[in-house]
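Comments concern the structure below.
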Amino acid sequence: MANTIHVDIVSAEGEIHSGDAEMVFVPASQGEIGIAPRHAPLLTTLKPGEVRVKPAGGGEELWFWIGGGALEIQPHLVTVLADTAARARDLDEAAALAAKQRAEEALRDRTGAMEVAEAQAELARAAAQLKAIEKIRKLKRG
Amino acid sequence: MPGAKEIRTKISSIKSTQKITKAMEMVAASKMRRAQDRMRAARPYAEKIRKVIGHIRQANPDYRHPFLVEREVKSVGIIVVSSDRGLCGSLNVNVFKQTLASVRGWQQKGVEVHLCLIGSKSMQFFRRLKLPVEASVAHLGDKPHVADLIGTVQAMLTLYREGKIDRLSLVSSEFINTMSQKPEERVVLPAETVDASELQERWDYIYEPSAADLLDGYMMRYVESQVYQAVVENLACEMAARMVAMKSATDNAGKLIDELQLIYNKARQAAITKEISEIVGGAAAV
């Protein structure tokens with residue numbers, strides 16, 4: 001524990017790496033930083049680049065490419081939250097607008113979706129009828 | 001008694017329906033396995049970021065992020081996660097019931113409700129209600145990506161930031177096991193407090209570059225990961241529910257076929273008996 005630091009590298013769609021390390025290098029937004037055990041608590045964002053991990057007890061240095069993300073450092077723990085999506089403020093806003101528009105369109109555009117909904121309602125009714133028939137038949141027999 | 005031919009066509013039509021439901025069951029079973037894997041894969045990130053947010057709450061920054069501060073609730077936002085397709089039992093209906101109950105609860109207290117809909121089933125359902133829908137997304141497919149959710153989540157976060165909603169919750173199905181899924185509502189914002197007893201002293205992070213920007217990014221990722229987790233979990237639930245629903249449909253079709261087969265045999269026997277008696281009667285008359 002004394003000379004190692006635990007590293008977790010995760011992305012929203014899966015765990016990438018987890019283990020103890022002697023040293024970790026990450027591409028922080030303000031320049032690359034090297035993290036040794038007992039580093040001061042730090043929060044920062046990451047640029048696209050590679051994370052290098054020197055595993056505990058020697059061994060080959062591990063490289064992970066990440067497309068940006070966020071980083072938390074605690075004295076005994078490094079957490080790299082890698083982004084799976086390319087992001088930028090304006091990109092996110094555009095996506096938000098699109099989501100809003102979709103909601104409005106779904107409310108306005110009644111024809112196409114309504115037909116589907118009606119057909120589905122019809123299907124549900126037919127299924128219910130079938131079920132009822134089956135029940136009646138059972139009652140008659142019993 | 002209906003004619004033998006009529007029953008025969010009915011049996012064959014039920015048989016083809018049974019083939020379809022059987023195929024759907026098997027497809028759902030294999031998709032469920034993959035969906036479960038995806039659900040498991042998404043868990044570490046959600047856990048880690050929750051832990052980080054917990055640490056952030058424990059820290060003593062000069063800057064308090066609005067997402068961490070409780071406000072008086074005047075209006076709420078609810079994110080509803082449903083499937084895109086039906087034929088999965090009562091999965092979606094249960095989620096909608098839970099949502100409606102919570103909507104009624106808020107409305108009775110005079111609180112406004114804004115909705116955010118994920119999945120086309122919820123869009124169909126909530127269209128009838130006269131509630132403001134702020135964002136929606138559907139057709140995420142079998143492999144939902146975080147990128148597809150960013151816009152939707154962002155729209156709700158903007159509302160929260162602007163003070164148009166004071167609380168954001170998420171209604172979705174919880175995957176218990178293949179046979180049972182339970183609707184569940186969770187509060188996303190303001191972020192819950194997590195006890196981290198290991199870090200008791202007064203301390204704070206070094207923020208690079210500034211606390212406001214950083215925490216914004218963290219909170220955004222936190223909410224996104226919660227929503228993403230709910231979406232993949234819902235997908236696993238959908239497949240499990242469909243598998244079970246299709247299995248019972250297949251079984252029912254089998255029972256129906258057995259019954260009809262019996263009726264068919266009787267009808268056939270009756271026809272033969274009738275024919276014989278006619279022949280015998282005819283012969284006797286001669």
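Treat the numbers as computed from the prediction; the structure is a model and nothing was measured. Every chain is numbered from 1 and lettered A, B, ... according to where its sequence line falls, protein lines coming before strand lines.
Contact annotation: the side chain of A/Leu81 approaches that of B/Lys48 to within less than 4.5 Å [non-hydrogen atoms, C-beta and beyond].
In this structure, CD1 in B/Ile49 is found 10.0 Å from OG1 in A/Thr79, a value given to the nearest 0.5 Å. Taking CD of A/Glu15 as the reference point, atom CD of B/Glu47 lies at 9.0 Å (rounded to 0.5 Å). With values rounded to the nearest 0.5 angstrom, B/Tyr45 atom OH is found 13.0 Å from A/Ile9 atom CD1.
Within the 4.5 angstrom heavy-atom criterion, no atom of B/Gln229 approaches chain A. Both the backbone and the side chain of B/Thr152 come within contact range of chain A, with heavy atoms under 4.5 Å apart. Within the 4.5 angstrom heavy-atom criterion, only side-chain atoms of B/Leu256, from C-beta onward, approach chain A. Residue contact with chain B, scored on non-hydrogen atoms closer than 4.5 Å, is absent for A/Ile16.
Against chain B, the residues from residues 22-32 of chain A that qualify, each with a non-hydrogen atom under 4.5 angstrom away, are A/Ser29, A/Gln30 in number order.
Not a single salt bridge (charged side-chain N to carboxylate O under 4.0 Å, His left out) links B/Lys255 to another residue, sequence neighbours left out.
Counting heavy-atom pairs closer than 4.5 Å to chain B, the top-ranked of the candidates A/Leu43, A/Thr45, A/Thr44 is A/Leu43. Counting heavy-atom pairs under 4.5 Å between each of B/Asp37, B/Leu214, B/Thr158, B/Asp148 and chain A puts B/Leu214 at the top.
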Applying side-chain contact (heavy atoms from CB on, under 4.5 Å) to B/Arg221 and A/Asp83, what does each step give before you reach the verdict? CA-CA 9 Å; B/Arg221 287 189 177 87; A/Asp83 285 339; 2.7 Å; yes

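With 3.5 Å as the limit, one finds a donor-acceptor pair spanning the side chains of A/Glu72 and B/Tyr205.
More than 12 heavy atoms of other residues, nucleotides or ligands lie within 6.0 Å of CD in B/Glu162, so this atom counts as buried by the packing criterion.
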